[in-house]
Amino acid sequence: KPTRLLYRMVRDQSRIEDIVQDSFIKAYRAINNFRGDSAFYTWLYRIGVNTAKNHLVSLGRRPKAMDNLEIEDIENKWPNELEGIGRNYVHMLSPILDKVCHNLKILDAVESIIGKNILICGTTLFIKNPNEKGFVSFHQDAKYIGLEPHNWITAWIAVTDSNENNGCMRMWSGSHKKKLQKHNQKFDEGNLLTRGQTVEDVPIDKTTPIALKAGQMSLHHPTIVHGSGLNRSNDRRIGFVIQSYIGSNVDQVLGKMYVQQARGNDIQKFHEHTERPKKLMDPNQVQIRKKANEELSKIFYKDSTKKGKY
């Protein structure tokens, strides 16, 4: 297990044996410090991760983020769990991604926009694998999601670097000041949106690329027109999207949503509340998430005669 984990961080078979060996030597020397507060594997795991991080830093490389490792852990141990509609509500499965949602610095930024009573009403993983034809057409989040009024904000967090080469988001500056625009439902191949909903004739020269380093974040308004292109790189581009942080005055007018309390109070109590996950892929949370995604699918495809992959 330690070898597989550390290889996913280092991605260099020629160095991995030395790192594993170094980790076990450090563990042997520190064995008297092990108090049994956690499982032995967890203690050893931390030593290995820190050894690998130090190795990558010595080479001038950025260590792979822990949220990225947990995403890959789910993909490897529970195949297809994050496919299709399963890309949603991932914070219900992952304690690390849940912790990101409740990050105090993020919540401070959100509070400055929507106020102190904050609910987390959903998350989505947008994964673009290298050289695949995955893109996001220009659209407005508020078009089909049913959250009213628009006192909500979406946080787009880069799990990996996101840039123009691997298909970062582009925003049409000022477009949020207009009303909801007409969207054509294309259901086109490679489109990562539910209906392939598309605002046509967006002037690319008036859009701004949102390039982010891993760990950085952007916030966007529910009515701003945005999209993203193909990943032309040789690595994955992963965005963890908290979609969205909503004020407690925001209702779901198309169906039912499951939320967590992030800050303040839920005065109106419009939504179903859920607990935070205590461990990865907790069976109870898996079942609640299944119900949440079933309800979310009803919202996404309300009045649609066709249903897409997501």
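Residue numbers run from 1 in the order of the sequence given.
Contacts of His221 classified as side chain to side chain donor-acceptor pair (under 3.5 Å), with partners at least two apart in sequence or in another chain: Thr223. By the salt bridge (charged side-chain N to carboxylate O under 4.0 Å, His left out) test, Glu17 is found to be paired with no residue, residues two or more places apart in sequence or in another chain being considered. Glu81 is linked by a side chain to side chain donor-acceptor pair (under 3.5 Å) to Arg289, counting only residues two or more places apart in sequence or in another chain. Qualifying side chain to side chain donor-acceptor pair (under 3.5 Å) partners for Arg87, counting only residues two or more places apart in sequence or in other chains: none. Asp108 meets the salt bridge (charged side-chain N to carboxylate O under 4.0 Å, His left out) test with Arg263; sequence neighbours excluded. Residues satisfying the side chain to side chain donor-acceptor pair (under 3.5 Å) criterion with His91, sequence neighbours excluded, are Thr123. Applying the salt bridge (charged side-chain N to carboxylate O under 4.0 Å, His left out) criterion to Glu83, with sequence neighbours excluded, gives no partner residue. Listed by chain and number, the residues in a side chain to side chain contact (heavy atoms under 4.5 Å, CB included) with Lys178 are Trp172, Gln181 (sequence neighbours excluded). Lys302 meets the salt bridge (charged side-chain N to carboxylate O under 4.0 Å, His left out) test with no other residue; sequence neighbours excluded.
Using a 4.5 Å cut-off on side-chain heavy atoms (C-beta onward), Leu212 and Cys168 make no contact. Counting heavy atoms from C-beta on, the side chains of Arg232 and Asn166 never come closer than 4.5 Å. Looking at Thr207 and Val225, their side chains never come closer than 4.5 Å, going by heavy atoms from C-beta outward. Side-chain contact check for Leu107 versus Tyr245: some heavy-atom pair is nearer than 4.5 Å. Tyr144 places none of its side-chain heavy atoms less than 4.5 Å from the side chain of Ser304.
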| task | Begin with the C-alpha distance, continue with both residues' side-chain angles, and end with the deciding distance and a verdict on side-chain contact (heavy atoms from CB on, under 4.5 Å) for Tyr310 and Ile85. | result | CA-CA 5 Å; Tyr310 304 103; Ile85 192 71; 5.8 Å; no

| query | Run the side-chain contact (heavy atoms from CB on, under 4.5 Å) check on Phe240 and Val100 step by step: do they pass? | reply | CA-CA 9 Å; Phe240 174 58; Val100 172; 4.0 Å; yes

| said: Between Ile74 and Val90, does the side-chain contact (heavy atoms from CB on, under 4.5 Å) criterion hold? Intermediate values first, please. | reply: CA-CA 10 Å; Ile74 295 173; Val90 288; over 6 Å; no

| Full working for side-chain contact (heavy atoms from CB on, under 4.5 Å) between Gln268 and Asp251 | CA-CA 9 Å; Gln268 280 78 12; Asp251 195 5; over 6 Å; no

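Within the structure, the salt bridge (Lys or Arg N to Asp or Glu O under 4.0 Å) test picks out no pair touching residues 133-153 (sequence neighbours left out). Annotation: salt bridge (Lys or Arg N to Asp or Glu O under 4.0 Å) contacts involving residues 167-176, sequence neighbours excluded, comprise Glu164-Arg170. Counting only residues at least two apart or in different chains, salt bridge (Lys or Arg N to Asp or Glu O under 4.0 Å) contacts with residues 189-211 comprise Lys186-Glu200.
The structure places OH of Tyr258 at 10.5 Å from CG of Asn293, a figure rounded to the nearest 0.5 Å. Rounded to the nearest 0.5 Å, atoms OH (Tyr89) and CD (Gln285) are 12.5 Å apart. Glu111 CD to Lys116 NZ: the interatomic distance, rounded to the nearest 0.5 Å, is 8.0 Å. Here CG of Leu296 is found 9.5 Å from OH of Tyr301. Values are rounded to the nearest 0.5 Å. Atoms NZ and CD1, on Lys177 and Ile224 in that order, are 10.0 Å from each other to the nearest 0.5 Å.
Using a 3.5 Å distance cut-off with no hydrogens or angles, the side chains of Asn165 and Ser233 do not pair a donor with an acceptor. Thr124 and Asn88 share a donor-acceptor pair across their side chains, judged by distance under 3.5 Å alone.
When Glu275, Arg276, His271, His102 are each tested for a side chain to side chain donor-acceptor pair (under 3.5 Å) with Gln260, only one passes: His102.
At a threshold of 4.0 Å, the pair Glu295-Lys298 counts as salt-bridged, since one of the basic side-chain nitrogens sits closer than that to a carboxylate oxygen.
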